[in-house]
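What follows is one structure encoded as structure tokens, with my remarks underneath.
Side chains included, hydrogens not; waters and symmetry mates left out as well; all remaining heavy atoms used. So you know, we letter chains A, B, ... as the sequences are listed, proteins then strands, and number each from 1.
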Number of protein chains: 2
Amino acid sequence: MSNLKSKEIRLKSRPDGMPSKANFDLVEVPVPAPKAGEFIVRNAYMSVDPYMRGRMVDRESYVPPFQIGEALTGGAVGQVIESQNPSYKVGDYVQHMLGWREIALIGSDPMSAMATMKVDPSIAPIQSYLGALGMPGLTAYAGLLRIGALKEGETVFVSAASGAVGAIVCQIAKNKGCFVVGSAGSDDKCQWLKDKARVDATINYKKFATEEALTAELKRLAPKGIDVYFENVGGIHLTAALSNMRAKGRVVMCGMIEQYNNTAPAPGPWNIIMTIPLGLRIEGFVVSNHFDLMGDFLRDMGQWIKAGKMTWHETIVDGIETAPEAFLGLFKGANFGKMLVRVGPDKAV
Amino acid sequence: MSNLKSKEIRLKSRPDGMPSKANFDLVEVPVPAPKAGEFIVRNAYMSVDPYMRGRMVDRESYVPPFQIGEALTGGAVGQVIESQNPSYKVGDYVQHMLGWREIALIGSDPMSAMATMKVDPSIAPIQSYLGALGMPGLTAYAGLLRIGALKEGETVFVSAASGAVGAIVCQIAKNKGCFVVGSAGSDDKCQWLKDKARVDATINYKKFATEEALTAELKRLAPKGIDVYFENVGGIHLTAALSNMRAKGRVVMCGMIEQYNNTAPAPGPWNIIMTIPLGLRIEGFVVSNHFDLMGDFLRDMGQWIKAGKMTWHETIVDGIETAPEAFLGLFKGANFGKMLVRVGPDKAV
């Protein structure tokens with residue numbers, strides 16, 4: 001034993017529909033001492049992400065389901081406090097996939113090695129590596145540029161535009177000389193999108209709550225139509241976008257948060273037939289298939305940050321015990337930008 | 001005047017829902033004498049195609065709508081009987097877009113020139129240029145190979161598989177070494193698909209009329225999943241296909257005949273979210289954007305026909321007055337393969 005104890009969040013039961021705190025357990029466990037090749041990270045921040053909802057369902061998918069009675073996993077960042085791995089020294093900051101706990105023992109197996117990387121706290125605050133400089137940022141980058149094949153001067157519509165992924169999508173599009181329309185769930189978020197993320201036009205979708213209203217507002221804001229729709233939401237956002245696409249438009253299917261907690265099938269887009277006359281492409285992706293873009297992504301993001309052309313917003317809650325509630329908040333729009341849980345101090349040694 | 005008279009079919013009124021014969025008029029008109037650059041074709045066959053239903057609606061689209069009181073247009077093939085155009089001699093066989101009439105005066109404008117081409121009756125019967133060797137064939141070729149990016153050995157699912165487009169899709173896929181599952185609306189059609197078009201497995205969709213049944217049958221016939229779904233139908237065919245796609249699969253959106261006569265929006269695919277974990281691509285197209293493939297298409301089709309690796313079925317009805325009924329039959333599966341109307345003799349001079 002390392003003499004360390006760590007609180008962790010376990011999946012107690014599989015949620016049916018919207019999860020609740022009752023689906024989670026908080027447990028304190030001893031942390032084993034690291035063996036050869038292993039090391040221990042004191043997590044400073046852990047990430048809660050919408051995709052984790054899918055892992056709570058017991059089904060075959062691109063990531064294996066969470067198991068009942070086991071600690072959840074996910075992105076986390078922190079400092080190495082003990083190490084039997086020569087590549088990771090005490091004091092190093094690392095990003096890894098053993099979130100949902102205070103202290104993580106990083107294994108020496110190849111999977112652990114692949115999911116772990118050092119981060120540079122001099123470029124941006126360490127929690128950025130769970131957001132703008134991490135998976136959500138790479139998701140935005142790969143989705144918009146590779147899947148969406150964005151071209152300069154095009155018109156882009158982004159749903160959940162102030163979210164962890166959406167806000168980066170908006171700014172990459174602006175940096176590529178595009179006209180950007182973003183939708184978000186409050187006037188504050190819309191204001192931030194305009195003032196900070198340089199979004200050209202915004203929609204507070206709560207004020208345009210029917211398909212007809214959202215379709216009309218989108219048409220008003222982008223009368224010539226949309227070239228790329230970056231889909232984070234689903235429902236009437238997708239149908240309204242399809243009704244406003246230009247010929248040869250692309251729909252980047254990144255997420256459909258609106259339906260992750262559905263207990264019955266959500267209605268599909270009745271107007272998918274528009275793909276035929278307009279030659280539209282609707283394409284989905286998961287970021288893990290695009291890790292080869294990581295180098296380009298970090299290079300471009302570094303330049304944009306330096307040039308003052310990339311910003312982001314975070315919602316940080318404190319304490320490992322708040323993690324389930326932070327996660328649930330994602331489905332209610334409680335987050336403004338990237339939702340993070342602070343589970344320890346930035347500096348642990 | 002040329003002293004010729006031609007019967008033609010005009011759009012009398014715009015259909016609401018399923019069209020009826022009452023939406024059409026049969027009129028006899030004099031044919032003007034050809035001026036410089038013009039020529040006259042005695043149509044032998046005219047094509048009826050599902051896409052024409054869309055042109056009966058008064059809306060902006062990739063082709064302008066038919067106008068009430070005017071003759072319809074569409075693919076036709078016949079022999080030149082009078083000519084003031086040095087490129088087209090009396091006796092030449094040509095394919096053009098002035099169907100729905102017995103005799104066509106081909107104009108000298110650039111649009112007419114672009115839509116008209118000579119056909120070679122020594123390669124295949126002239127009506128083939130309205131089907132396998134014409135737009136339906138090119139639609140199959142461009143859709144499967146360019147949009148679907150078909151690779152050797154993949155599994156392909158084709159709806160309306162015995163139709164003018166579907167039957168060619170099936171055989172191109174077979175010629176590319178793929179495993180092909182085809183759905184059609186009768187046991188006869190399914191038998192033909194197996195015996196003549198070399199389709200590996202067939203579904204008489206009338207016997208699997210619910211989404212659950214169709215999904216299960218598809219899974220039974222292609223247990224490892226589908227790489228390319230060629231969509232001609234819509235409805236439960238699309239949802240069943242999406243529920244059976246393999247990672248990186250492609251859905252080629254060619255047509256959705258099931259909903260062309262709908263008066264209310266058809267339900268969309270509830271499982272479009274599968275695009276995300278599986279990285280699926282759903283892409284629509286119209287053949288007119290792929291005319292650049294015509295050379296490759298005719299070369300490959302010529303070789304396949306010669307090698308006995310391409311066949312097709314036609315349903316031919318007689319007389320211009322039967323054209324509206326032939327068109328309506330498309331929506332009832334009355335056609336077996338390409339639906340054609342014989343409006344005159346093969347040999348006119």
Side-chain angles (χ1 to χ4, degrees), chain A residues 50-51 54-55 57 59-63 139 142-143 146-147 211 225 231-236 238-239 242-243 245 247-260 262 264-290, chain B residues 50-51 54-55 57 59-63 139 142-143 146-147 211 225 231-236 238-239 242-243 245 247-260 262 264-290:
Chain A
Y51 83 86
R55 296 192 63 189
V57 181
R59 67 170 168 219
E60 217 184 314
S61 185
Y62 64 102
V63 278
T139 300
R146 178 175 276 175
I147 307 294
E211 185 193 322
E231 165 70 309
N232 289 313
V233 169
I236 66 170
L238 179 54
T239 43
L242 281 172
S243 290
M245 296 302 287
K248 294 278 151 199
R250 288 84 69 198
V251 175
V252 180
M253 299 291 288
C254 177
M256 298 183 94
I257 193 168
E258 216 178 79
Q259 66 183 68
Y260 292 172
N262 281 358
W270 61 270
N271 51 0
I272 193 170
I273 195 172
M274 296 307 295
T275 51
I276 301 175
L278 296 176
L280 305 181
R281 173 163 61 83
I282 300 174
E283 187 164 346
F285 75 110
V286 288
V287 67
S288 50
N289 289 327
H290 300 277
Chain B
Y51 83 87
R55 296 192 64 189
V57 182
R59 67 170 167 218
E60 218 183 312
S61 185
Y62 64 103
V63 277
T139 300
R146 178 176 277 175
I147 306 294
E211 185 192 322
E231 164 71 308
N232 288 313
V233 168
I236 65 169
L238 179 54
T239 44
L242 282 171
S243 290
M245 297 301 289
K248 294 279 153 200
R250 288 84 69 199
V251 175
V252 180
M253 300 290 287
C254 177
M256 298 182 96
I257 193 168
E258 215 178 78
Q259 66 183 68
Y260 292 172
N262 281 357
W270 61 269
N271 50 359
I272 193 169
I273 194 171
M274 296 307 295
T275 52
I276 301 176
L278 295 177
L280 306 180
R281 172 162 63 83
I282 301 173
E283 187 163 348
F285 76 109
V286 287
V287 66
S288 50
N289 289 327
H290 301 277

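- Judged as a side-chain hydrogen bond (donor to acceptor under 3.5 Å, both in side chains), and not counting sequence neighbours, the contacts of B:Glu211 are B:Trp270.
- Closest approach of B:Val286 to A:Pro277, counting heavy atoms only: CG1-CA, 4.0 Å.
- At a 4.5 Å heavy-atom cutoff, the contact between B:Ile276 and chain A is made by backbone and side-chain atoms alike.
- No other option in B:Pro265, B:Ser288, B:Gly268, B:Gly279 has as many heavy-atom pairs under 4.5 Å with chain A as B:Gly268.
- Residues satisfying the side-chain hydrogen bond (donor to acceptor under 3.5 Å, both in side chains) criterion with A:Ser243, sequence neighbours excluded, are A:Asn271.
- In this structure, A:Met256 CE and B:Thr275 OG1 are separated by 7.0 Å, a value rounded to the nearest 0.5 Å.
- Contact annotation for A:Glu231: neither backbone nor side-chain heavy atoms come within less than 4.5 Å of a heavy atom of chain B.
- When each of A:Asn289, A:Thr239, A:Ile273 is scored by its heavy-atom pairs under 4.5 Å with chain B, the top score falls to A:Ile273.
- The distance from the CE atom of B:Met253 to the CZ atom of A:Arg281 is 15.0 Å, given to the nearest 0.5 Å.
- With chain A as the partner, the residue from B:Cys254, B:Ala247, B:Gly255, B:Gly234 showing the most heavy-atom pairs under 4.5 Å is B:Cys254.
- When the options B:Leu280, B:Ile282, B:Val251 are evaluated for a side-chain contact (heavy atoms from CB on, under 4.5 Å) with A:Ile282, the one that passes is B:Ile282.
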